[in-house]
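This report refers to the structure that appears directly beneath it.
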Amino acid sequence: MTASLSLDAAEVWITTPGGRLHARQWGSAAADAARAPIVLLHDSLGCVALWREFPLRLAQATGRRVIAYDRLGFGKSDPYPGALAPGFIQQEAHGAFAALVEQLEVGRFVVLGHSVGGGMAVSIAAAYPDRCVGLITESAQAFVEERTRAGIRAAQAQFAQPGQMGRLEKYHGSKAQWVLDAWVNTWLSAAFAQWCLDDALLAVRCPVLAIHGMEDEYGSTAQPERIVTLAGAPATLKLVPRCGHVPHREQQDTVLDAAGMFVAALG
């Protein structure tokens, strides 16, 4: 960590045609302008708050500014206008993410995405080959497999139990039901069954680190293996033993060590 790096989290708001986005930053853009910041993309039920202490610790471990934002419809951001389109993963690169980096004056960047956020991170790296200097996926899905769909069905049944929706309402408020429906209805739909990241992966031009828990209930190791095999740049696979779908919480030190070494090598 650089001595001048401020680790106070600053709240910022991003304007988009669909509504306002809530974001937070750890670290100082002025103090560390020479090094690309790390932008975090959350999972299907996630938001900035659910990253917990990870962004702070990532900023400490890398000496870089870390930015996390609530996608439209999640956390403190405005509601999403309607249902998610089948191409919502690829569209994030040109919608909310584009507004974020423009309004925060981010030039070069590293993207780190968890779960569906990992798919978005891949699409962003492909869409910005001259600006994305590093890509980290964590528990990302590269294609739809039955293990993913089975995990979603199990979660759907769990949230149907009395009191369980309160877990989502704590972070998403009145948007909680939309958040759950967007996840379940999209991934279990026939229209989404053939989705994959193959084309986006082939277009990636920056180094890649694919982190995956070996006990991930939403995706087998075939997911990160496909990422590192198809990526159009040097790619490293990091399988984490005794770990499920949320390595940055279940095995945080392991993830921080891997991410820190990866980012340090970017220069």
Side-chain angles (χ1 to χ4, degrees), residues 38 40-46 50-51 54 58 61 88-90 92 110-126 132 134-158 183-184 186-189 192-263 265-266:
I38 303 170
L40 305 182
L41 294 112
H42 63 74
D43 63 297
S44 292
L45 302 182
L50 279 167
W51 285 107
F54 179 71
L58 185 62
F88 77 103
I89 293 175
Q90 295 90 328
E92 189 71 14
V110 178
V111 281
L112 188 163
H114 174 229
S115 193
V116 74
M120 292 176 177
V122 170
S123 297
I124 288 166
C132 186
L135 164 64
I136 303 174
T137 66
E138 181 196 12
S139 309
Q141 296 89 14
F143 60 97
V144 179
E145 65 177 340
E146 183 52 34
R147 184 167 178 167
T148 307
R149 294 163 67 92
I152 292 171
R153 292 190 197 98
Q156 181 185 25
Q158 184 178 26
W183 180 43
V184 172
T186 299
W187 282 86
L188 298 185
S189 70
F192 201 70
Q194 301 305 313
W195 170 85
C196 71
L197 283 175
D198 291 5
D199 290 344
L201 284 165
L202 292 169
V204 170
R205 294 294 177 265
C206 63
V208 179
L209 171 63
I211 301 171
H212 202 88
M214 294 182 68
E215 300 172 12
D216 190 330
E217 60 272 36
Y218 293 104
S220 72
T221 56
Q223 301 283 355
E225 289 165 359
R226 189 150 168 175
I227 290 172
V228 299
T229 299
L230 293 183
T236 301
L237 173 61
K238 175 66 174 180
L239 295 178
V240 185
R242 301 177 301 282
C243 185
H245 190 59
V246 194
H248 68 265
R249 188 160 65 235
E250 300 171 50
Q251 299 282 354
Q252 188 170 100
D253 288 342
T254 297
V255 172
L256 288 169
D257 288 346
M261 291 177 60
F262 174 79
V263 170
L266 299 175

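Both backbone and side-chain heavy atoms feed into the values below; hydrogens, waters and symmetry mates do not.
Between the CG atom of Leu237 and the OG1 atom of Thr221 there is a distance of 8.0 Å, given to the nearest 0.5 Å. For the atom pair His245 NE2 and Asp43 CG, the distance stands at 6.0 Å (nearest 0.5 Å). The CG atom of Leu239 lies 12.5 Å from the OG1 atom of Thr254; values are rounded to the nearest 0.5 Å. Note that the NE2 atom of His212 and the CD1 atom of Ile227 stand 8.5 Å from one another [nearest 0.5 Å].
At least one side-chain heavy atom of Leu266 sits under 4.5 Å from a side-chain heavy atom of Pro207. Counting heavy atoms from C-beta outward, Phe88 and Met120 have side chains that approach closer than 4.5 Å. Ile211 places a side-chain heavy atom less than 4.5 Å from the side chain of Ile136. A 4.5 Å side-chain heavy-atom check between Leu112 and Leu58 finds at least one atom pair inside the cut-off. Between Cys132 and Arg205 the shortest side-chain heavy-atom distance does not fall below 4.5 Å. Two residues are said to be in side-chain contact when any heavy atoms from C-beta on lie closer than 4.5 Å; Val246 and His114 meet this criterion.
A side-chain donor from one of Ser115 and Gln141 sits under 3.5 Å from a side-chain acceptor of the other.
For Val111 against Ala121, the heavy-atom pair with the smallest separation is CG2-O, 3.7 Å. Closest non-hydrogen pair, Arg226 versus Cys196, comes out as NH2-CB, 4.1 Å. The two atoms that bring Ser139 and Asp216 nearest to each other are CB-OD2, 3.5 Å, heavy atoms only. Heavy atoms only, all atoms of each residue included: Cys206 and Ala233 are closest at O-CB, 3.0 Å. Across all their heavy atoms, Ser189 and Arg149 have their closest contact at O-NH1, 4.0 Å.
Tested against Val208 for a side chain to side chain contact (heavy atoms under 4.5 Å, CB included), the candidates Thr236, Val122, Leu135 yield a single pass: Leu135.
The number of heavy-atom neighbours closer than 6.0 Å to CG of Asp199, taken from other residues, nucleotides and ligands shown, is 12 or below. Surrounding CD of Glu146 are more than 12 heavy atoms belonging to other residues, nucleotides or ligands, all under 6.0 Å away.
Side-chain N or O atoms of Gln251 include one that pairs as donor or acceptor with a backbone N or O of Arg242 at under 3.5 Å. In this structure a side-chain-to-backbone donor-acceptor pair under 3.5 Å is present from Thr229 to Glu225. Side-chain N or O atoms of Gln223 include one that pairs as donor or acceptor with a backbone N or O of Phe143 at under 3.5 Å. Listed for the Glu250 side chain is a donor-acceptor partner under 3.5 Å among the backbone atoms of Gly244. A donor-acceptor pair under 3.5 Å is absent between the side-chain atoms of Gln158 and the main chain of Ala154, judged by distance alone. Using a distance-only test at 3.5 Å, with no hydrogens or angles considered, no donor-acceptor pair links the side chain of Thr186 to the main chain of Trp183. Put simply, the side chain of Arg147 never gets that close to the backbone of Val144: no donor and acceptor are under 3.5 Å apart. Between the Glu145 side chain and the Ser220 main chain, a donor and an acceptor come within less than 3.5 Å of each other. No donor-acceptor pair closer than 3.5 Å links the side chain of Ser44 to the backbone N or O of Val116.
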Yes or no on side chain to side chain contact (heavy atoms under 4.5 Å, CB included) for Leu50 and His42, after CA distance, side-chain angles and deciding distance? CA-CA 8 Å; Leu50 279 167; His42 63 74; over 6 Å; no
Glu138 vs Arg249, salt bridge (charged side-chain N to carboxylate O under 4.0 Å, His left out): CA-CA, chis, key distance, verdict: CA-CA 11 Å; Glu138 181 196 12; Arg249 188 160 65 235; over 6 Å; no
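Checked against the 6.0 Å centroid threshold, Trp187 and Phe192 count as a close aromatic pair.
Aromatic ring pairs are classed by plane angle as parallel below 30°, tilted from 30° to 60° and perpendicular above 60°; the pair Phe54 and His248 is tilted.
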